[in-house]
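Everything below concerns the one structure shown next.
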Amino acid sequence: MNEQTSDLPTKDDAIAALAEINRVMAQTRSAIARGPSAALLILWGCIWFAADLTTQLYPPALQWLWWVLDLIGFAGTWWIVRIHATRVKSPGGWRYGVFWGALFFYAILWIHLLAPVRWPQTAEQWTEFEPVFRRITAYFHTIPMFAYVIGGLFGGRFLMWLGLAVTGLIVAGLYLAGPYFYLWLAVTGGGSLVLTGVMIRKLWR
Amino acid sequence: MDELDKIIHAPARLRIMSALVALRAAEQLDFRTLSEMLELTDGNLGAHLQTLEEARYVKIEKSFVNRKPRTYMRATAQGRARFEAHVEALKRICGI
């Protein structure tokens, strides 16, 4: 049975109530949209930063670096998403995990099939291999940004602009950063993700 | 004609319903998240939720996640309809 009130609020009360409704609804939607994204952006920004900085300073680490850091990243992602899932139950949330897994599986598969990497064993081999690895690194860095752009088209223009901006910085670095390409990636790529995560945490309340 | 709903009209319950109606139909919010978001004490939120549940405006489910008890809630179809009617009544008062 519905209870209806006979004490009508004044026009000012009604305006205030509608404003409060809009505020709380916007706050809730923004909290859900933000979800675990701020924490994930900070995590993956740190991983990019660490990986690219290490590549710049100690290239031989490439043989194992990304495997180790990606494992840490995937474990961290699983943990963050698991915590978020206890706060908002959203059927179908698992699809995001499948999407990212499929995307990287596709990218890695085709690299191995079309341009299999033979890791250099000597300084001479590294010199020969570096230009190829530089392009592969740029390619892999643009993949998640491409996903941001596509996701942003449907779910919020902010992600789209972030994806386009970081892709632009990656391509600019590929041609302009010379011997400091990986340092450029660490600061612009990893740094952008961390900064965005911090901004989302501060602003999307 | 839509009329104001006495149960929803109380300020705290209006905010609770606003938050729950903002969710998609299949989504549920947990108690702790809602209390933090609305800055309500556990006791206050619990009392208002009980009122809304008794009116069948809100569905509350208790479950265990990682062996810890969790309380999840969502607005029912009836709750959503009453909330919409309440909003329409408020708009009419404002002359919107």
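Every chain is numbered from 1 and lettered A, B, ... according to where its sequence line falls, protein lines coming before strand lines. Since we're looking at a predicted model, the values are computed, not measured.
In this pair, Y182(A) and F133(A) present their aromatic rings tilted. The plane angle is within the 30 to 60° band.
In this structure, chain A has a heavy atom under 4.5 Å from the side chain of R24(B), while its backbone stays farther away. Heavy atoms of F83(B) lying under 4.5 Å from chain A belong exclusively to its side chain. For K91(B), the parts sitting under 4.5 Å from any heavy atom of chain A are the backbone and the side chain alike. For R70(B), the part sitting under 4.5 Å from any heavy atom of chain A is the side chain, from C-beta outward, and nothing else. With a threshold of 4.5 angstrom between heavy atoms, E36(B) approaches chain A through side-chain atoms but not through N, CA, C or O. Of the two parts of L38(B), only the side chain, counted from C-beta on, holds a non-hydrogen atom closer than 4.5 Å to a non-hydrogen atom of chain A.
Checking side-chain atoms of W184(A) against main-chain N and O of G189(A) turns up no donor-acceptor pair under 3.5 Å. Of the possible donor and acceptor atoms, one in the side chain of T76(B) sits under 3.5 Å from a partner among the backbone N and O of R56(B).
Between D5(B) and R82(B) there is a salt bridge, since at least one side-chain N of the basic residue sits less than 4.0 Å from a carboxylate O of the acidic one.
Interface remark: of the candidates I21(A), V88(A), I15(A), I21(A) forms the most heavy-atom pairs closer than 4.5 Å to chain B. Among A22(B), A26(B), G95(B), the residue making the largest number of heavy-atom pairs under 4.5 Å with chain A is A22(B). Counting heavy-atom pairs closer than 4.5 Å to chain B, the top residue among K11(A), M25(A), R87(A) is R87(A).
Between T77(A) and W44(A), the side chains place a donor N or O and an acceptor N or O closer than 3.5 Å (distance only, hydrogens not considered).
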Problem - Full working for salt bridge (Lys or Arg N to Asp or Glu O under 4.0 Å) between E130(A) and R134(A) - result: CA-CA 6 Å; E130(A) 199 279 332; R134(A) 176 183 286 239; 3.3 Å; yes
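For the side chain to side chain contact (heavy atoms under 4.5 Å, CB included) test with M17(B), the passing option among I7(B), V58(B), V87(B) is V58(B); the others fail.
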